[in-house]
Each structure stands twice: as C-alpha cells, then as structure tokens.
Chemist: 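Take a look at this one; I'll ask things after.
Since we're looking at a predicted model, the values are computed, not measured. Residue numbers begin at 1 in each chain, while the letters A, B, ... track the order of the sequences. Both backbone and side-chain heavy atoms feed into the values below; hydrogens, waters and symmetry mates do not.
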Amino acid sequence: MDVTNEPSGKKSNFIQDLIDEDLKSSRFNTHVQTRFPPEPNGFLHAGHAKAICLNFGIARGYSGLFNLRFDDTNPVTENSEYVFSIRKDLEWLLGEELESDPLYTSDYFEQLYLWAELLIKDGKAYVDDQGAETISIQRGSFQEVGVDSPFRNRTPEENLLIFREMRSGAFAEGHCVLRAKIAMDHVNMNMRDPVMYRIRNERHFRTGDTWCIYPTYDWAHGQSDALEGVTHSLCTLEFDSHRELYDWFLDQLDIPSERRPYQTEFARLNFTHTVLSKRVLKRLVDDSVVEGWDDPRMPTLSGFRKRGYPASAIRSFCDHIGAAKTNGTHEIELLESFVRSELNQNADRKLAVIRPLKLTITNWPPEHIEMLTAMNNPEDPSAGSREIPFCGSLYIEHNDFMENPEPKYYRLSPGREVRLRYGYYITCNKVLKDEAGNPIELLCTYDPETSGGKSPDGRKVKATIHWVSANHAIEGKVALYERLFAVEHPGSESGDPLDDINQSSKTLLTNAMFEPSIAEATYGDVIQFERLGFFNLDQNDPILFHRTVGLRDEWANIVKRRK
RNA sequence: UGGCCCGUAGUUCAAUUGGCAGAACGCCUGGUUUUGAUCCAGGAGGUUGCAGGUUCAAGUCCUGCCGGGCCAGCCA
C-alpha cells in the first residue's frame with residue numbers, strides 16, 4: 001500500500017530518529033517500508049491500534065510503503081474469520097481501504113522451506129528426534145549452559161533426507177523438529193539451537209493439506225520481512241531478545257544488504273482500568289463477563305466502534321503517545337479526552353432524558369404546543385437547527401431536581417427558578433410524592449416573558465436543564481458504561497484481573513425519553529444528548545443508545561470531593 | 001544466581017545531542033457561557049531513581065548501586 005503523503009509535523013520519537021539516521025547513512029537505498037503482522041487468531045485491540053498507527057504513520061511520514069501481513073504459521077489457532085475481522089477493523093481504524101490485498105506468511109512457505117534446506121546443506125540446521133520436554137531440559141537455564149542434542153552432529157546428507165521425510169508426512173506430530181545449529185552455551189536462550197520447524201498434522205486455512213511441517217515465528221518473521229522489502233520491522237519490547245536470532249538467520253542467507261530488514265522494539269500499550277492481553281480478553285468473553293468481543297466495554301477496535309469512539313480520535317491518540325522503550329501505563333482518561341474533543345466538534349446535539357421525572361407547567365395554556373428552535377451543534381453553525389415541540393407536560397432529568405438542595409447545587413428545587421433549554425424560565429411550586437416519599441411529579445409555573453430562555457428584565461438563573469415533551473417523546477433505552485475494572489492495574493494486587501471486575505460496569509436504562517427528531521438518527525453518527533454525554537446508536541436496535549463517553553462533570557467532581 | 005532493556009511532574013512523553021527542565025492529559029483557581037459542557041486565562045505539581053566522578057556547565061558523558069520489565073514454547 002502506497003502511503004505517499006506529507007510528513008506529519010509530529011514530535012519525533014526514537015524510531016523516527018533512527019530512521020533519519022538510516023536515511024542519512026544510506027543504510028537503505030530504497031524507500032522506507034513497514035508492516036503490521038498480526039496472527040489471525042484473535043481480534044484487534046487498542047494495543048494493535050498503536051502498532052498499526054505507528055507502522056502506517058512512519059510509512060506515510062517518509063513517503064514509504066506499508067503492508068498488512070497475516071502471520072499465519074500456526075494452523076491450530078488460526079482461521080479466515082479472524083483474517084476478515086482484522087482487515088475490517090484495520091481499515092476502519094485507518095479510515096481507508098487497503099489498496100492491495102493483504103500478504104501472508106504462508107505465501108512464503110515454499111521459499112522458507114528452500115532456505116531451510118540451504119541451512120541444512122551448510123551444516124547450520126539439523127533434525128532433532130527428541131521430544132519437546134527433553135529439548136526443553138537440555139536447553140539449560142540462565143545459570144547453566146545447555147547440553148548438545150545427541151542428534152546435533154548428523155551429517156547434512158542425513159539431515160536433508162530426514163527433513164524431506166518430515167515434509168512428506170513420514171512422521172507423527174512431535175516425532176522430530178528442525179533446529180538451527182547455533183550454540184547450546186549461548187547466553188541468549190533464544191540462540192540455544194531454536195526450533196525452526198515442527199510437525200503439525202493440521203489443515204491450514206490457506207494452504208490446506210499441502211504442509212504438515214510449519215515454520216516457527218523466529219524462522220519465518222525476518223525472512224518474510226526481507227521477502228516483502230520491509231526495511232524497519234517494528235515490534236514490541238518482549239521480542240528484544242529475539243533480535244539476535246532475527247539477525248542470525250538473515251546473516252546465513254544471501255539477502256542483499258539493501259533488502260536487509262532491521263528489527264526495532266517499542267513498548268506495548270497499556271491502559272489503566274483495562275487489560276490488553278488476548279488471553280484475558282478471551283476469558284472475559286468466555287466467562288460472559290461481557291457480551292462478546294465487540295462489547296462496548298471491551299478495548300477491542302470492534303468494541304470501540306460499537307461504543308462510538310471515532311477512529312480519528314484513536315488515531316490522534318496514537319499519534320500523541322508516539323513510541324518509546326519505557327514500559328508504562330496510560331491513563332484511560334487520555335484516550336477519552338481525545339474522543340471527547342473529536343466528538344465535541346462534530347456531534348449533533350439532541351435532548352434526551354434518561355431518568356425521567358414528570359413536570360407539569362400549571363399555567364401553560366391547555367393543549368397548546370409550541371415549536372422551539374434548537375441548534376444542532378453550537379460548535380458548528382453550519383450544522384443548522386431543528387424544531388422541538390414544547391408543551392405543559394414534560395420530563396426532566398431526575399437528578400436535576402433536589403428537594404433539599406445541597407450547598408452549590410443550583411439546579412431545580414422547591415421555590416427555585418431555572419431555565420429549560422431553548423424554552424422558558426420555570427419555578428417549582430409543588431412536589432408530588434409517592435407513599436415512600438419519593439418525588440414523582442413537579443408542579444411548576446413558567447414565565448411567558450422568558451420565551452427562548454431570555455428574560456427581558458435581565459434577571460439571571462443559575463442553571464439550564466434539559467427536558468423532553470411528554471406528549472411527543474420517543475421512549476427508548478440507553479446503556480451507560482463505566483470502567484470494566486474497578487482498579488487501576490487489574491490483577492496487580494489480586495493476582496487475577498478477573499477478580500477486579502467492576503460489577504456495575506453497565507447500566508441499562510429502559511425508559512429513556514428522546515426528543516422526536518431522534519427518529520432520524522442513523523447508525524454511525526454519534527450524537528450528544530445535552531448535559532449527558534455522547535451516545536452511539538446501536539447497529540441493530542433503533543431505540544438503543546450506547547454511551548460513548550460522558551461530558552466532563554464539575555458537579556460530579558464536587559460531590560466526589562465531599563466524600 | 002546470568003544476560004538484555006528501561007528509570008525526567010500524578011500519568012504519558014519532550015528537551016535543538018553538554019548550555020535557563022517543557023507539553024499534553026489529570027488536578028486547582030478565575031473569566032465567558034441558554035450544556036456545571038465547550039472556550040479563554042492563570043496556578044500547583046520536579047533533589048531528572050540514588051551516590052560518586054569528568055567539566056566553566058550534566059537529564060544528557062563515565063563508574064558503582066537501587067528499582068522495574070523481559071528471556072529457559074515444537075505460541076506469536
């Protein structure tokens with residue numbers, strides 16, 4: 001995929017500094033090329049988003065090339081449904097479609113096999129007939145050097161013969177493996193004769209039954225990079241100790257220096273109150289803690305999409321955090337602030353009441369309905385306006401009324417005057433209650449002089465609250481989401497992240513009241529319900545809205561500080 | 001117990017490569033406001049992990065400690 005574009009004026013990070021040096025020293029006499037190499041065995045999450053934006057952004061910044069490569073070397077866990085969803089999520093994130101089809105490591109199986117034979121002929125690889133457990137024991141430890149396999153000194157001719165038998169399916173799974181012949185006393189464990197091929201009598205989703213031996217990550221990755229022309233192979237920190245092996249393999253093969261890729265590691269992304277491990281995410285789904293991989297509480301790209309996070313906000317976030325080698329954890333609030341600022345600019349506003357409290361205007365002319373004009377987006381006048389019906393029978397938000405107001409609470413309470421957004425000033429005169437003493441209806445009077453929310457005498461009201469006409473409201477549902485995990489670093493104290501689940505991470509409110517124009521809402525457009533937050537219409541349920549993120553809430557801060 | 005990587009504000013990152021330690025988010029204060037939002041202005045917050053050394057000058061170079069992360073899959 002060609003991503004020629006102007007370099008972004010972003011602050012640099014150590015990877016860009018490194019590429020700048022490479023360019024200066026002409027280490028590569030071609031373009032810069034990066035890749036994103038997911039294994040098709042799971043769904044993309046925020047961690048992948050960082051890698052995608054980094055790789056794509058660098059290619060774009062240097063007018064280079066970027067490609068998606070499915071690292072499909074393990075047929076037991078991988079399948080084409082993941083290929084489909086990964087591509088979909090990636091294109092959604094990037095906001096554009098891939099210009100060329102994705103690449104696959106499995107396309108290089110034959111070349112990889114040929115190279116493996118080359119190494120065998122050079123005496124640099126051998127077939128080991130031992131089991132996994134034996135090989136593991138022989139590998140030694142950090143303190144002890146490993147011991148040579150009894151099969152280590154087979155002749156190249158013998159190795160070649162057996163390796164070809166391996167390929168032809170002569171052996172059972174686990175009977176033998178092909179190992180690189182490096183050094184069993186190497187200080188780097190990855191260099192103690194690593195496995196290059198293992199037998200798997202498993203159908204591969206792309207190559208079918210063509211192969212029964214499959215290359216390991218270490219053997220496949222660098223060579224695939226080289227075959228594609230990747231110059232900068234970016235991966236996460238835990239591959240640091242694999243770099244030596246990555247280089248060793250490339251050194252053994254006749255890779256022209258200008259096609260020689262180099263691996264650079266950066267820190268993986270972490271969020272507070274979140275977990276970004278495929279394994280734990282899978283448990284959340286399997287244990288029904290959430291309602292699937294695309295649950296709006298999940299940090300997956302499909303979860304973000306369902307929740308209403310704009311892809312552009314995720315991209316901005318990734319640009320902002322850049323890349324470094326320091327392991328750290330980002331506050332989830334930072335991501336949310338990017339989501340808010342994006343949505344604040346672009347989201348249309350509507351009125352909705354999610355915890356309705358009946359309010360009757362006692363001096364409103366019976367049967368009278370007035371159409372009020374409301375701005376669609378105060379941040380963007382070109383978004384226009386709409387009409388909202390107003391009458392004497394309304395719903396307001398339950399927590400916009402307090403019978404005995406706390407200090408600094410300046411919304412509605414008995415005897416107090418507030419403004420109804422786009423409407424009139426009203427004063428609360430009487431509170432009707434149920435047997436338990438809970439308010440069930442407010443009786444108020446309005447000031448006809450304050451049409452449009454302006455008072456001719458210039459008197460001020462402290463609060464403006466939202467409302468919906470009870471006679472015109474569309475009833476629906478709203479799903480509120482809190483952090484999935486109750487603690488900043490799930491599992492750090494308890495040992496198991498699932499022990500730190502926030503039990504009330506989802507609240508479904510089923511008698512929300514929306515202004516009539518909500519009927520025109522279309523999937524994909526996140527809207528702001530004024531004073532409540534941003535909400536995303538569900539793809540299938542036309543009256544269900546997922547709260548993307550709340551507005552910053554000063555009153556909530558005041559309440560919190562009091563405790 | 002070995003090797004490698006990393007320590008700068010609450011958090012994540014900068015610091016023109018040895019020259020007055022900054023930004024964003026968060027927090028606090030004030031202003032504007034028909035969203036307690038947005039927007040604007042300001043503020044608090046630092047012994048640059050610690051201790052030495054080189055230098056007119058060290059976050060940056062050197063040495064030694066301390067702390068965190070990673071590595072002993074036929075996962076990636």
Chemist: When you compare the side chains of Arg421(A) and Thr464(A), does any donor N or O come within less than 3.5 Å of an acceptor on the partner?
Modeler: no
Chemist: Between Phe266(A) and Phe14(A) (judged by ring centroids, cut-off 6.0 Å), do the two rings come close enough to count as a pair?
Modeler: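 No: the rings miss the under 6.0 Å criterion.
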Chemist: Do the side-chain N and O atoms of Asp71(A) and His221(A) include a donor-acceptor pair separated by under 3.5 angstrom?
Modeler: yes
Chemist: Give a yes or no on whether the ring-centroid distance for Phe317(A) and His320(A) is below 6.0 angstrom.
Modeler: no
Chemist: Taking any heavy-atom pair under 4.0 Å as a contact, classify Arg139(A): base, sugar-phosphate, or nothing.
Modeler: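 Since only primed, P, OP1 and OP2 atoms lie under 4.0 Å of Arg139(A), the category is sugar-phosphate.
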Chemist: Which nucleotide sits closest to the side chain of Asn13(A): U12(B), A14(B), C74(B)?
Modeler: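 When the side chain of Asn13(A) is considered, A14(B) is the closest of U12(B), A14(B), C74(B).
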Chemist: Pick out which of Phe163(A), Trp219(A), Tyr108(A) makes a ring-ring contact (aromatic ring centres under 6.0 Å, His included) with Tyr113(A).
Modeler: Phe163(A)
Chemist: Dot-bracket notation for RNA chain B is requested: 5' to 3', Watson-Crick or G-U wobble pairs only, both distances under 3.5 Å, with ( ), [ ], | and . as defined.
Modeler: .((((((..((((.....[..)))).(((((.......))))).....(((((..]....))))))))))).....
Chemist: Can you find a side chain N or O atom of Arg198(A) that sits less than 4.0 Å from OP1 or OP2 on A76(B)?
Modeler: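 Looking at the OP1 and OP2 atoms of A76(B), one of them is under 4.0 Å from a side-chain N or O of Arg198(A).
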Chemist: Has the side chain of Gln528(A) got a donor or acceptor that lies under 3.5 Å from a partner of the other kind on the base of U35(B)?
Modeler: yes
Chemist: I'd like to know if Glu417(A) pairs up with Lys460(A) as an ion pair, taking the criterion as any Lys NZ or Arg NE/NH1/NH2 lying under 4.0 Å from an Asp or Glu carboxylate oxygen.
Modeler: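 Salt bridge flag = no for Lys460(A) with Glu417(A).
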Chemist: Just call it for Pro37(A): base, sugar-phosphate, or nothing, with non-hydrogen atoms closer than 4.0 Å on any strand.
Modeler: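 Touches nothing.
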Chemist: Just N and O in the side chain of Arg268(A): are any of them under 4.0 Å from OP1 or OP2 of C6(B)?
Modeler: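 Checking Arg268(A) against C6(B): no side-chain N or O falls below 4.0 Å of OP1 or OP2.
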Chemist: I'd like the P distance from G49(B) over to C6(B), given in whole Å.
Modeler: 14 Å
Chemist: Could you tell me whether Asp128(A) and Arg154(A) make a salt bridge, using a distance below 4.0 angstrom between a side-chain N and a carboxylate O?
Modeler: no
Chemist: If you check the Asn557(A) side chain, which of C74(B), C13(B), C27(B) turns out closest?
Modeler: C27(B)
Chemist: What's the closest nucleotide to the Ala132(A) side chain, out of U12(B), G36(B), C74(B)?
Modeler: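 Closest nucleotide among those given: C74(B).
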Chemist: Let's test your reading of the model: under 3.5 Å, does the base of G36(B) pair with the side chain of Arg411(A) as donor and acceptor?
Modeler: yes
Chemist: Can U17(B) be described as syn, meaning its chi torsion is within 90° of 0, or is it anti?
Modeler: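 Syn conformation for U17(B).
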Chemist: Find the distance between CD1 (Ile527(A)) and CZ (Phe534(A)) and round it off to the nearest 0.5 Å.
Modeler: 11.0 Å
Chemist: Where the side chain of Lys325(A) is concerned, which of C5(B), A24(B), G2(B) is the nearest nucleotide?
Modeler: C5(B)
Chemist: Let me know, please, whether Gln143(A) or Tyr197(A) comes out on the 5' side of the other along RNA chain B by nearest nucleotide.
Modeler: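 The residue closer to the strand's 5' end, by nearest nucleotide, is Gln143(A).
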Chemist: Reading nucleotides 66-71 of chain B 5' to 3', which nucleotides get B (base under 4.0 Å from a protein heavy atom), which S (sugar-phosphate only), which -?
Modeler: ---SSB
Chemist: How would you label the glycosidic angle of G64(B): syn (within 90° of 0) or anti?
Modeler: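 It is anti.
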Chemist: Describe the nucleic acid contact of Arg561(A) in one word from base, sugar-phosphate, nothing, applying a heavy-atom distance below 4.0 Å.
Modeler: sugar-phosphate
Chemist: Is it true that Arg386(A) and Asn376(A) share a donor-acceptor pair across their side chains at a distance under 3.5 Å?
Modeler: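 Arg386(A) and Asn376(A) do have a side-chain donor-acceptor pair below 3.5 Å.
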Chemist: When the aromatic ring centroids of Phe535(A) and Phe545(A) are compared, is their separation below 6.0 Å?
Modeler: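 Distance test on ring centres: not under 6.0 Å, no.
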Chemist: Has Arg531(A) got a side-chain N or O lying under 4.0 Å from the OP1 or OP2 atom of G36(B)?
Modeler: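 Answer is yes, contact under 4.0 Å.
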Chemist: Distance check needed: U16(B) P versus Asp20(A) CG, whole Å only.
Modeler: 14 Å
